[in-house]
Structures are given as C-alpha cells and as structure tokens.
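A quick write-up on the structure given underneath.
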Number of protein chains: 2
Amino acid sequence: MDNLKEALKRKGINPSYQRMKIFEYLQGNKSHPTVDMIYKDLSSEIPTLSKTTIYNTLKLFAEKGMINCLLIEGNELRFDPNTSPHGHFFCVKCGAIYDVQLDEDCIEKIKKASSNEGHRVSELQITFRGICKNCLEKLH
Amino acid sequence: MDNLKEALKRKGINPSYQRMKIFEYLQGNKSHPTVDMIYKDLSSEIPTLSKTTIYNTLKLFAEKGMINCLLIEGNELRFDPNTSPHGHFFCVKCGAIYDVQLDEDCIEKIKKASSNEGHRVSELQITFRGICKNCLEKLH
DNA sequence: ATCATTGCAAACACTTTGCATACGC
DNA sequence: GCGTATGCAAAGTGTTTGCAATGAT
C-alpha cells in the first residue's frame, strides 16, 4: 500500500484511501475496465464509494498522464493504465478488449502522415474490431 | 435526385424521401456530421423530420456498408460516407475532423499485428488527436 | 388492405454538476 | 479551523424503444 501512496505522491496527487484503491485496482486489472466495473468490484470493499468519486479520480489520473481514456464501444469510457503506445482489439462478440503490440516504425510512419498535412499530433488511438481468439475457438 | 434513388435501390434500400435527403446530405458533407448536425441542417428543408428517422436511416446505411460510424470524441456518433480505409485527425481546439490518407502497407502491417495474436480483424479505426493546421496558424 | 416508414414521447444509459457532509493536516 | 475530497441527488446529453399515425403500392 505504501508504494501506491508514493506513486501517487510522485505524480502530485494527494493519496486518499479511495484514490489508492482505484489506482491499485487499475494496476491489477488490465481489462480496460469501465466506471461501472470499477464501482461494482470496489464497492464491496468500500461500501460508501460513489461513482462520482470514481469519475473524479479517473479524470485526475488522466490529467496527470497516469492512465488513458479510451472510447472504444458504445457510450462507455474505458480506462487503460498502460500509457505506452499500443493498439486495442475489441471483440464484437464477447466485448473483451485486448492490447495489441504495434510496430514502432509503423506508428511513427502513420503519425507522420498526419503531421505532413500540417497538424500537430499529440495522441494516436488505433482500434481493431472483430472476433477474438477465444470466440473463434468456441465456434467449432 | 434520380441518381440518389438509384444508388439506394442498388444497395437494396427503399428510397424514401427522407432517406434520399439524408444520403444526399452525407454525400455533399465530408465533415463527419453528428446526428444533431444532420437534423439541424435538414429540418429547414424537411420540417417534420425527426431524429428517430435519422438514427434509423444511418443505422440502415451502416448495415448496408454505405457509411461508417465513428466514435471519435465525447459521446457523439459521427458518420462517414467515405468507407475506404483512412484515418481521422480530431482537433482538440476547434473540434474539426480531417481525413488522413494512410500508407496501405502500413495498414496491412498493423492489421497483421492483431491477426497474428489469433483474432479475426474486420475493422480498423485510426484516430489522431492534436491541434489542426488552421488552429496552429491562428496562434501566431 | 397491407406493409414499411415516419416521428413523437418516454425510457435508457452514461456522465457531469451542485452542494452539503466528512476528512486530514 | 480550513481547504480538500467525498458522495448523494438532480440535471444533462446522446441514443434507443414503444407505438400510433402516415404513406406507398
């Protein structure tokens, strides 16, 4: 718990109990959870937890560059503690989201395509949609 | 108007007045409009037009592969009549969305990265965020 | 007459806001 | 004690649904 506290402090974030718990949850959960998932999973441990706090906390984390907000499916935000450049595969069948490692050269090349048109690119989101490995196997 | 009618028929879509008008609007408007933009722009011409009809029509067009639905910013769907593979640049300052031409080889390479992990990719969305050319120029 | 399309109103789902309470130094 | 963090309730926003009215053949 102390290392969580230190990690938040280092980012200039006051390490309250809720913030530490949400941060811990994100670290141990790479499934790109929604606010609702975080709420459901943590409210047994923190019965008074409110969604407002989760929204506030995630917004704060995102502002400090600790997590990325993803808009992948429907109207639900998802949160990703992995801020290194990578893509996401969304399974239209089961709704799972997988990280996809991408070739660095390709990412640079693609970023340049946009810069070349005169825009200043700060972020790049690459999202795949299709049917995931697990669902494909179940079809047999 | 007749060529619009034919285009819809060819796709197996009953060419009602509303559908033709919405299709025409999309053809002449490459700014990736939202439902609200379409509604505001067309309701002067079609005073009885309802958003439900726009939603229904766009859903139908998307199912027939005539347009793509984009989830780029906030919680608003955007619609793109250009179904060839390309990326989108979203300006965080003015909200404009630009098409970005992408290197075909790169797209193929990136698609493979995901297929290699065992998933079956059917769609790929590439979205840039940053400050657009116009806004950069205004900063001087 | 029949079937598809339209469009209003209500329901929904996710997010944000306003504000009073509780917490921590 | 004071400033920040929390959390309830209400409002806001985009989308979907239910269903009656309309339109086309």
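All values below were derived from every heavy atom in this structure, side-chain atoms included, with hydrogens, water molecules and symmetry-related copies excluded. To find a chain, count down the sequence lines: A is the first, B the second, and so on, and within it residues start at 1. Source: prediction; values computed, not measured.
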Check the distance between [N]'s [atom2] and [X]'s [atom1] and give it to me in whole angstrom.
X: Y17(A); N: dA22(C); atom1: OH; atom2: P; value: 19 Å
X: I72(B); N: dG14(D); atom1: CD1; atom2: C1'; value: 16 Å
X: R19(A); N: dT6(D); atom1: CZ; atom2: C1'; value: 9 Å
X: Q18(A); N: dC23(C); atom1: CD; atom2: P; value: 10 Å
X: I22(B); N: dT5(C); atom1: CD1; atom2: C1'; value: 12 Å
X: R78(A); N: dT15(C); atom1: CZ; atom2: C1'; value: 16 Å
X: I13(B); N: dT5(C); atom1: CD1; atom2: P; value: 10 Å
X: N56(B); N: dC19(D); atom1: CG; atom2: P; value: 16 Å

Can you label the angle between the F89(B) ring and the H119(A) ring as parallel, tilted or perpendicular, going by 30° and 60°? parallel
Relative to the ring of H86(B), is the ring of H32(B) parallel (under 30°), tilted (30 to 60°) or perpendicular (over 60°)?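 The rings of H32(B) and H86(B) sit tilted, inter-plane angle from 30° to 60°.
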Could you check which residues of residues 58-66 of chain A get a heavy atom under 4.0 Å from DNA chain D? Sort them by number, please.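 Going residue by residue through residues 58-66 of chain A, none turns out to have a heavy atom under 4.0 Å of DNA chain D.
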May I ask you to list the residues of residues 39-52 of chain A, by number, that have any heavy atom positioned under 4.0 Å from an atom of DNA chain D?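 Heavy-atom contacts with DNA chain D come from T48(A), L49(A), S50(A), T52(A).
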Identify each atom pair where a protein N or O and an N or O of nucleotides 21-25 of chain D are less than 3.5 Å apart, giving names and distance.
none

Within the pair Y55(A) and dT16(C), is there a side-chain N or O less than 4.0 Å away from OP1 or OP2?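 Negative; the distance criterion is not met.
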In sequence, state the C-alpha distance, the side-chain angles, and the governing distance for L58(B) and L26(B), and then conclude on side chain to side chain contact (heavy atoms under 4.5 Å, CB included). CA-CA 10 Å; L58(B) 293 170; L26(B) 289 171; 3.9 Å; yes
The side chain of [X] is closest to which nucleotide in this list: [options]?
X: E76(A); options: dT6(C), dT16(D), dC14(C); value: dC14(C)
X: N75(B); options: dT5(C), dA5(D), dG14(D); value: dG14(D)
X: S16(B); options: dC14(C), dG7(D), dT6(C); value: dT6(C)
X: T53(A); options: dT4(D), dT6(C), dT6(D); value: dT6(D)
X: N14(A); options: dT15(D), dT4(D), dT6(C); value: dT4(D)

Working for side chain to side chain contact (heavy atoms under 4.5 Å, CB included), residues I72(A) and L71(B): CA-CA 7 Å; I72(A) 290 184; L71(B) 210 48; over 6 Å; no
Output yes when E73(B) and R78(B) qualify as a salt bridge under the 4.0 Å nitrogen-oxygen rule, no when they do not. no
Pairing of D103(B) and K109(A) as salt bridge, 4.0 angstrom limit: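 Yes, this pair counts.
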Separation between OH (Y55(B)) and OG (S50(B)), nearest 0.5 Å, reads 10.5 Å
side-chain hydrogen bond (donor to acceptor under 3.5 Å, both in side chains) partner of H88(A), the single match among D80(A), T127(A), N82(A): D80(A)
Hey, does the side chain of [X] reach the backbone of [Y] with a donor-acceptor pair shorter than 3.5 angstrom?
X: T83(A); Y: M66(A); value: no
X: T53(B); Y: L49(B); value: no
X: R19(A); Y: N14(A); value: yes

Mind listing the closest non-hydrogen atom pair of G118(A) and L136(B) along with its distance?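 Closest approach of G118(A) to L136(B), heavy atoms only: O-CD1, 3.4 Å.
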